[in-house]
Number of protein chains: 2
Amino acid sequence: MAERKYRELIEQLKTAGLRPTRQRLALGRLLYGENGDMERHVTAEQLHAEAMSAGVRVSLATVYNTLHQFTEAKLLREVVVEPGRSYFDTNVDDHHHFYFEQSGRLQDIPSEELELKSMPEPPAGGRIRRVDVILRVDEEG
Amino acid sequence: MAERKYRELIEQLKTAGLRPTRQRLALGRLLYGENGDMERHVTAEQLHAEAMSAGVRVSLATVYNTLHQFTEAKLLREVVVEPGRSYFDTNVDDHHHFYFEQSGRLQDIPSEELELKSMPEPPAGGRIRRVDVILRVDEEG
DNA sequence: ACTGGAATTAGAGAAATTCTAGGCCATTGA
DNA sequence: TCAATGGCCTAGAATTTCTCTAATTCCAGT
């Protein structure tokens, strides 16, 4: 990961009131590092496995905590596609998703490629916090 | 439930290759019956509890099986809103949802009130099987 | 370096869903 | 109508995903 992004991560953690601990930095590096801007959609289990095989000793509980804290801090976005299967997306810009049911893979759709014609009024006293669009795709063959 | 709907349900089950058993009919009645056309969003647990208190003896496993079979037969539609929380929707027409995070409630949005400006091309070899739009609403106050 | 509060850990616990093996029941064909 | 057949249902165990707890470890400010 670029040095710039690394400092940025530390800054973002501090802003969010999160101490830049060994584990958070390591997980952040795994999430955003190396293949810098690649879109990533990981489950907690996957990230934990990745950490293990990268020699980073971190517990699964911490992975869950960290992913949720990152999500809270808007460094990640959680996408639920099936009961018992949620992904954390490194892309926090406005965008949507293709979901391939057979393989369980997720793919970003830039917001320019899928826009809503009109946004319905939220019921009284509510405000729309987020719009999630999932296009479920069958892979024939 | 209206007699008409009841016969209709038996017909739909047969068409789907499902035997109209005591349990399926009872659950179908709970789902579509009485308050006929009301939109319903139930979890397996909820429906099971409903069945119990209606004096219908049915196991939770059967409720899960039945809900999935009904979904397969397009009598229901499954909506996943959070890890570990999925609803079955009695409305199988094209439509979308408001999700109220605080209360966990789901509300239909008719398809006329929320349309997509354009549909992105699915990746090669895939076809879009379903479009799910969830507007997550914060209830302030 | 020392200390207090936050973070991390392993493991237990919870919650939702699925599986299994055996018994039951709806359908079909005689 | 009746028995056979194959699908269906059940309880409970198992699995999976995620969360909690209590003890330990670590970071930040002095």
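Since this is a predicted model, take the numbers as computed values, not measurements. Residue numbers begin at 1 in each chain, while the letters A, B, ... track the order of the sequences.
A/Y99 pairs in a side chain to side chain donor-acceptor pair (under 3.5 Å) with only one of the listed residues (A/H41, A/E82, A/R105), which is A/E82.
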Give me the distances for all protein-to-nucleotides 26-30 of chain C N/O pairs that come in under 3.5 Å?
unit_1: C/dA26; atom_1: OP1; unit_2: B/R22; atom_2: NH2; d: 3.4

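Residues B/E78 and B/T71 bring no donor and acceptor atom of their side chains to less than 3.5 Å of each other. A donor-acceptor pair shorter than 3.5 Å can be found between the side chains of B/H97 and B/D89.
Residue pairs that meet the salt bridge (charged side-chain N to carboxylate O under 4.0 Å, His left out) test with at least one member in residues 43-69 of chain A, sequence neighbours left out, are A/R40-A/E50.
Here the P atom of nucleotide C/dC25 and the CZ atom of B/R57 are 10 Å apart, to the nearest Å. For B/E82 and D/dT19, the CD to P distance is 10 Å, given to the nearest whole Å.
For B/R85, the side chain to side chain donor-acceptor pair (under 3.5 Å) partners are B/Y87, not counting sequence neighbours. Partners of B/D132 according to the side chain to side chain donor-acceptor pair (under 3.5 Å) rule, which considers only residues two or more places apart in sequence or in another chain, are A/R136, B/R77, B/R130. Remark: A/S111 engages A/D94 in a side chain to side chain contact (heavy atoms under 4.5 Å, CB included) (not counting sequence neighbours). With sequence neighbours excluded, the residues that form a ring pair (Phe, Tyr, Trp, His ring centres under 6.0 Å) with A/F88 are A/H68. With sequence neighbours left out, B/E113 forms a side chain to side chain donor-acceptor pair (under 3.5 Å) with no residue at all. For B/Q102, the side chain to side chain donor-acceptor pair (under 3.5 Å) partners are B/D138, not counting sequence neighbours.
Comparing the local axis fitted to the first five base pairs of the helix from C/dA1-D/dT30 to C/dA30-D/dT1 with the one fitted to its last five gives a bend of 30°, rounded to 10°.
For DNA chain C, no neighbouring residue in residues 70-80 of chain B is found when judged by any heavy atom under 4.0 Å. Using a 4.0 Å cut-off on heavy atoms, the residues of residues 59-66 of chain A that approach DNA chain D are A/A61, A/Y64, listed by number.
Contact check, B/H68 against C/dT17: no side-chain N or O comes under 4.0 Å of OP1 or OP2. An OP1 or OP2 oxygen of C/dT17 is reached within less than 4.0 angstrom by a side-chain nitrogen or oxygen of B/S86.
Other residues sharing the hydrophobic cluster of B/V80, ordered by chain and number and joined by side-chain separations under 4.5 Å: A/V80.
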